[in-house]
Structure formats: C-alpha cells, structure tokens
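Structure first, then comments.
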Amino acid sequence: MSLISTSAALAQSASIETREPEANTGFEQKQAFLSDNYMVVAANPYASWAGKNIIEKGGSAIDAAIAVQAMLTLVEPQSSGIGGGAFILYWDNQNKQLHTFDGRETAPEQVNPYWFMQNNKAMPWLDALVGGMSVGVPGALRALELAHNQHGKLPWKTLFTDAVQTANEGFKVSPRLAKLVALDYHPGLREFAGSSTYFFPGGMPLKAGVNKKNKPLAKTLHNIARHGADYLYTGSLAKKIVDTVNHAPVNPGKISLDDLNAYTAVERGAVCGPYRDRKICGMAPPSSGGINVYQILKLLEKFDIASYSPLDPEFVNLFVQASAMTYADREAYIADTDFTNLPVASLINPPYLTRRAQSIKVDKKWRKARPGKPFSEAQQHHGMTPEQPNTSHVSIIDKQGNAVSMTTSIEFMFGSGLMVEGFLLNNQLTDFSFNPVQGVNPVPNRVEPHKRPRSSMSPTMVFDQTGALELVIGSPGGSRIIDYVAQTVIGVVDFDLNVQEAINLPRITNRNDYTALEKGTAAQDLAQPLEALGHRVKIIDLNSGLHGIQIKDGHYIGGADPRREGVAVGQ
Ligand code: GLU
C-alpha cells in the first residue's frame with residue numbers, strides 16, 4: 001500500500017478542472033469475482049453485503065441499491081450518503097427498458113449567480129466548500145424512493161434493517177476512512193460540533209479497526225424506513241437541516257424548509273448511442289457524464305483501437321485528443337438543461353462527432369481543444385444554444401437480470417463538513433461555475449435558484465448487438481470520472497479485457513489541459529513520448545473508484561477498483 005499523498009491529489013485552486021475531491025489511500029490488487037445468479041459491487045464490504053442480503057430476500061436491484069446507500073451513509077461517510085445526491089440508471093430486464101433517475105442536489109431559492117464571488121473574484125474552492133453556503137438540497141433519497149415506487153419488490157421499510165443494526169452495534173472503521181480523517185484536510189470537519197466529536201473522538205482522529213457506533217444515524221434511518229423519504233424532507237429533520245446550514249459557524253447558507261419540501265427527483269431520458277456494434281447509455285444533464293463518455297468513444301470510433309495495446313503512446317495520444325475535445329464541449333455547453341435548453345442530441349449526433357473527429361490524428365502534436373459547433377445557425381438564432389450570452393459507485397444485477405448503475409456523492413471528502421443527526425451534508429453547489437460570466441457571456445453552469453449543478457458522474461450501461469446488457473460501470477473521481485469510465489469501456493469493448501482487468505489499467509486523463517499519468521504505474525513510461533508530442537505531462541495519483549459488472553457467456557464478472565476498498569459479492 002502506498003502512503004497517502006496530499007500534494008498532487010488535493011489542489012487548492014478554485015478552477016473546476018484542478019480540484020480533486022478525494023485523496024489517494026493506496027492500491028490493493030483484486031481479482032475478478034464470478035457469479036451466475038446476481039451480483040453487487042460497492043465501495044465497502046458492509047455495503048456490498050447489505051445489497052446481497054436484500055437480493056437473497058427476493059429484492060430487486062433497486063431494493064438492494066437502497067440498502068447499499070443506507071449502509072454507505074454509515075461506513076463510507078466521506079463519499080456519499082442521504083445528505084447528498086445521486087444519478088441512477090435502472091435496467092428493467094423483463095420489459096427491456098432503461099430508466100434514469102436524477103437525484104442531483106438543487107440550489108436553494110435564495111442563491112444568486114454571484115453566490116461564490118467575493119470582491120469580484122471567485123472564492124477559492126476550499127474556502128467555498130466548507131459550511132452552509134455550498135449545501136444543495138439533498139436528492140439521493142428522493143431518487144431512490146422514485147425508483148423504488150416503480151421498480152421495488154420488497155417494502156421500503158425492510159430495506160434499512162442492516163444499516164440501522166450496524167449503526168446501533170457499530171462497524172469496523174476502514175483504513176481509507178481513518179486515513180482521510182487523519183489527513184485533517186477538510187477545513188470544517190474538526191471545527192464543526194457534530195462532525196468533530198464523531199470523527200475526532202477525544203480530539204483524536206478516528207482509528208482504523210475500531211468499532212464505531214452512530215446512534216443518531218440509526219434513529220434517522222429507522223425513521224426513514226418507517227415514514228419514507230418525507231422524514232428527511234419535511235418535519236423535524238428538515239428543520240434541523242435548515243438550522244444547521246443557516247447557522248453554520250462558517251459560510252452560513254440560506255436554505256429554507258420550502259426548498260426541502262419542494263425537492264423532486266426527476267426521471268429523464270437516457271443518453272444513448274451506438275459505438276461499434278454496441279449501444280452505450282448514460283445520464284443526461286445536469287450530469288455531463290452521459291454526453292461526454294459517449295463523445296470520447298464516438299470520436300475514437302474510426303480508429304482500429306483493438307490493434308493497439310492500452311499503453312501504446314499512439315493510442316494514448318488519440319484518447320487524449322478525444323478527451324480534450326469532450327471537455328471543451330462540456331465547459332462551453334453543458335449545464336442543467338431545465339435552465340439552458342441545451343439540445344443534447346446535437347452534442348452526440350454522429351455527423352457532428354464525425355466532423356469533429358476529422359482533426360484527431362495519429363502523431364498529432366498536443367493542442368488545446370476548442371469547443372465544437374454542434375448547433376445550426378437557425379438554432380443559434382433562435383436561442384437554442386445553451387445561453388445567449390468523494391463520490392461512490394454501485395453496480396448491481398439482481399436474480400431477474402435487472403440492473404442498477406448508481407453514482408452517488410456528497411462532493412468533497414466529508415462534503416460540507418456539517419453533520420446532522422448522524423449524516424454529513426453535501427457541498428455540491430461548488431460544482432457550479434463560480435464566475436457567472438466569461439467576457440460578456442453568461443456561463444451556462446452559473447449558480448441560479450432551484451438549478452442543479454453540472455456533474456461529471458457517469459453511471460453507464462453497455463448493451464450488445466442483441467440489445468442484452470453487457471456492462472454496468474461507473475466511478476467517483478470528480479471531473480476525471482468521464483475519462484475513467486470511457487477508458488474502462490474501451491478496455492472491455494475494444495481491448496477485450498474483462499472488467500477487472502480494464503479497471504486495473506493505469507489511469508490516464510486530460511481535461512483539455514495537461515495529460516495526467518497515474519503515479520506508480522506503467523503509464524509513467526508514457527511521459528517521454530507524450531512530451532515529445534508537446535503534451536504537458538504530470539505524474540500524479542489518479543483515484544478512480546470503478547465498480548462494474550460484465551455479463552459474458554451467461555456469467556457475471558465483478559470488478560472492484562484496487563485503488564479503493566470495494567468488493568464484488570454475489571452467487
Ligand atoms: N461532485 C462531483 C460531480 O458530481 C463528483 C465528485 C467526485 O467524484 O468525487 O461530478
């Protein structure tokens with residue numbers, strides 16, 4: 001296991017593309033896990049087992065996802081929880097239908113486009129994320145409830161039993177949680193009353209291996225089991241959330257009971273398109289994930305990728321060009337479509353991407369990409385352009401072949417640092433662009449009341465030539481998620497690797513800036529050839545947390561990222 005690295009992994013800039021929500025805590029070799037009937041892959045063994053128990057009791061994939069999320073709130077509080085948001089893809093295997101649920105946080109009524117500006121300057125990200133002003137109205141629980149209303153098999157009240165019991169009796173603190181607490185990097189965690197006593201008992205950071213109880217969370221989850229998601233969005237818990245946010249010792253926010261009462265999860269159309277003989281499906285805005293993962297693949301489709309090895313500098317140079325173009329489009333166009341009228345189809349339509357792929361060339365020297373021109377003159381004239389002017393991934397397949405791909409997040413490690421009744425509140429509003437204007441043009445992803453901040457979360461499903469599900473995949477990792485997921489899909493589809501092998505590949509990213517090569521891996525050897533092509537190369541920790549399930553010859557292959565603590569379980 002390598003030591004925690006803070007320097008490269010945690011950048012202090014306010015710029016969206018330089019920040020890293022979570023730090024590296026080591027690498028542990030993992031083997032592909034095989035099963036025939038069902039499978040659950042989540043970021044912590046307690047969570048995977050909670051999902052397994054539900055499927056054993058006859059539950060559907062969405063039932064299992066609820067049990068997993070409840071448990072993750074307890075055992076992986078640094079990454080996700082009921083105080084955060086989630087995007088869920090649900091594959092209904094009987095009706096062969098894909099549903100996607102948007103549980104992204106919303107901005108309160110009282111925000112304005114200058115929310116994160118001080119003295120005409122964007123606040124430093126680390127200053128902005130701490131306390132109340134970064135907290136969006138949580139959405140994960142409402143999205144799970146909406147999906148459960150449609151696809152649940154077991155009663156809601158039965159899905160929290162394991163998490164409630166474990167919170168009451170205690171769980172063994174994982175090495176990753178302990179390391180992230182000990183890092184003492186979060187500006188509020190040690191300062192805020194609730195989180196400081198929980199994470200620093202007696203003033204000392206929580207230790208790995210100790211038995212940790214969370215009675216307030218046990219009570220909260222018990223009440224959510226009994227009263228439904230309403231327990232969090234109305235009544236006394238909602239009031240406590242409002243009080244905690246608005247009276248935060250740092251950056252008090254302006255959230256209201258009405259903001260919580262009004263929150264609704266949204267069922268959206270999936271973003272799907274063909275890639276070679278497969279179909280790739282992902283999440284629509286406010287996540288950029290579905291569009292951007294698909295763009296990378298489609299931009300590379302004309303190349304015979306299978307003839308390369310994954311670390312061939314020529315292939316990596318192609319991948320990086322496609323990635324840079326995708327991030328350029330992301331920055332220019334993608335935000336919450338309920339506010340921007342973005343015609344999503346224009347960004348993934350084959351003629352547009354074929355045109356754009358013309359400039360991708362073997363041996364091309366590095367050049368920063370510019371956004372494409374996906375809209376017609378007429379569309380632009382009619383205002384159809386966007387504007388005038390530490391996360392966790394869960395993959396599940398149940399005994400009926402229904403599947404969940406859920407990426408869930410409270411944003412930075414430990415979110416805003418504010419804890420209410422045993423769970424942490426997110427800092428997801430920092431995913432908005434801080435500066436609302438660029439030159440004279442409004443930025444599409446600027447802060448606005450009730451808007452959802454743009455995300456990079458990319459829960460993905462791949463379908464084969466017959467329309468059958470072939471791969472369920474996703475990852476944490478901030479805006480690098482897009483590259484992590486695209487690279488893993490290419491690993492399975494083009495390089496014919498199994499999902500664990502694809503997850504194990506050294507990570508490579510480029511968010512239209514520098515080319516990042518994963519430290520301590522064979523990717524480091526690419527520095528010289530890429531620099532010779534003009535790339536600015538940085539060798540850094542790249543903390544993917546890919547969790548996936550591949551279906552091959554009627555069997556399930558589970559893959560868990562060696563960079564995190566997740567496991568695949570099943571039968
Ligand atoms: N907040 C980020 C997003 O929604 C995810 C952060 C992470 O992956 O750690 O894109």
Side-chain angles (χ1 to χ4, degrees), residues 9-11 14-25 43 72 76-81 83-88 102-107 116 125-126 128-129 134-140 143 176 180 185-186 282-293 326-327 330-331 334-336 390-394 405-416 424-434 445 447 451-460 473-486 488 507 509 511 541-547 561 563-564 566:
L10 296 161
S15 153
I16 290 175
E17 308 308 349
T18 55
R19 60 204 199 179
E20 312 289 348
E22 288 189 36
N24 167 47
T25 53
L72 286 173
E76 204 200 23
Q78 71 272 23
S79 297
S80 80
F87 291 108
I88 307 165
D102 164 4
R104 184 69 162 167
E105 294 87 339
T106 51
F116 291 117
W125 178 55
L126 269 181
L129 67 84
S134 67
V135 180
V137 181
R176 179 171 171 83
L180 294 180
Y185 187 77
H186 192 292
M283 194 68 219
S287 185
S288 67
I291 294 173
N292 290 145
V293 167
T326 275
Y327 279 93
R330 175 180 182 274
E331 200 48 41
I334 304 179
D336 182 348
N390 228 267
T391 303
S392 204
H393 186 79
V394 184
S405 184
M406 171 171 80
T407 312
T408 172
S409 174
I410 56 168
E411 218 304 285
F412 188 53
M413 55 172 161
F414 307 104
S416 62
L424 286 163
L425 295 173
N426 69 84
N427 66 297
Q428 214 71 249
L429 298 189
T430 59
D431 272 1
F432 280 117
S433 305
F434 286 15
N445 187 37
V447 187
K451 193 173 174 179
R452 297 173 187 222
R454 180 185 60 205
S455 170
S456 307
M457 292 194 267
S458 309
T460 299
I473 191 78
S475 180
S479 54
R480 297 184 198 277
I481 291 173
I482 293 158
D483 277 341
Y484 296 158
V485 172
T488 309
R507 299 275 86 88
T509 68
R511 298 174 292 181
D541 292 319
L542 290 172
N543 304 302
S544 59
L546 289 145
H547 295 137
D561 204 311
R563 301 158 187 86
R564 304 225 180 187

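Just so you know, ligand 1 is whichever comes first in the structure, and atom 1 is the first atom listed for that ligand. Everything numeric here is computed off the predicted structure, so don't read it as measured data.
Remark: T408 engages Q69 in a side chain to side chain donor-acceptor pair (under 3.5 Å) (not counting sequence neighbours). Annotation: ring pair (Phe, Tyr, Trp, His ring centres under 6.0 Å) contacts of F414 (sequence neighbours excluded): F199.
A salt bridge links D561 and R563; the closest N-O separation between the charged side-chain nitrogens and carboxylate oxygens is under 4.0 Å.
When only interatomic distances are considered, the shortest N/O to N/O separation between G477 and ligand 1 falls below 3.5 Å.
Heavy atoms of R104 approach ligand 1 to within less than 4.0 angstrom.
Heavy-atom proximity to atom 8 (O) of ligand 1, evaluated over G545, S287, G478, is greatest for G478. Relative to atom 3 (C) of ligand 1, the option among I410, T407, D431 with the closest non-hydrogen atom is D431.
Here the side chain of N292 pairs no donor or acceptor atom with the backbone of S287 at under 3.5 angstrom.
Contact record, H393 with T407: ND1-OG1, 2.8 Å, taken as the closest heavy-atom pair.
Below 4.0 Å from some heavy atom of Q428 lie the following atoms of ligand 1, by number and element: 1 (N), 2 (C), 4 (O). Less than 4.0 angstrom separates some heavy atom of I481 from each of these atoms of ligand 1: 8 (O).
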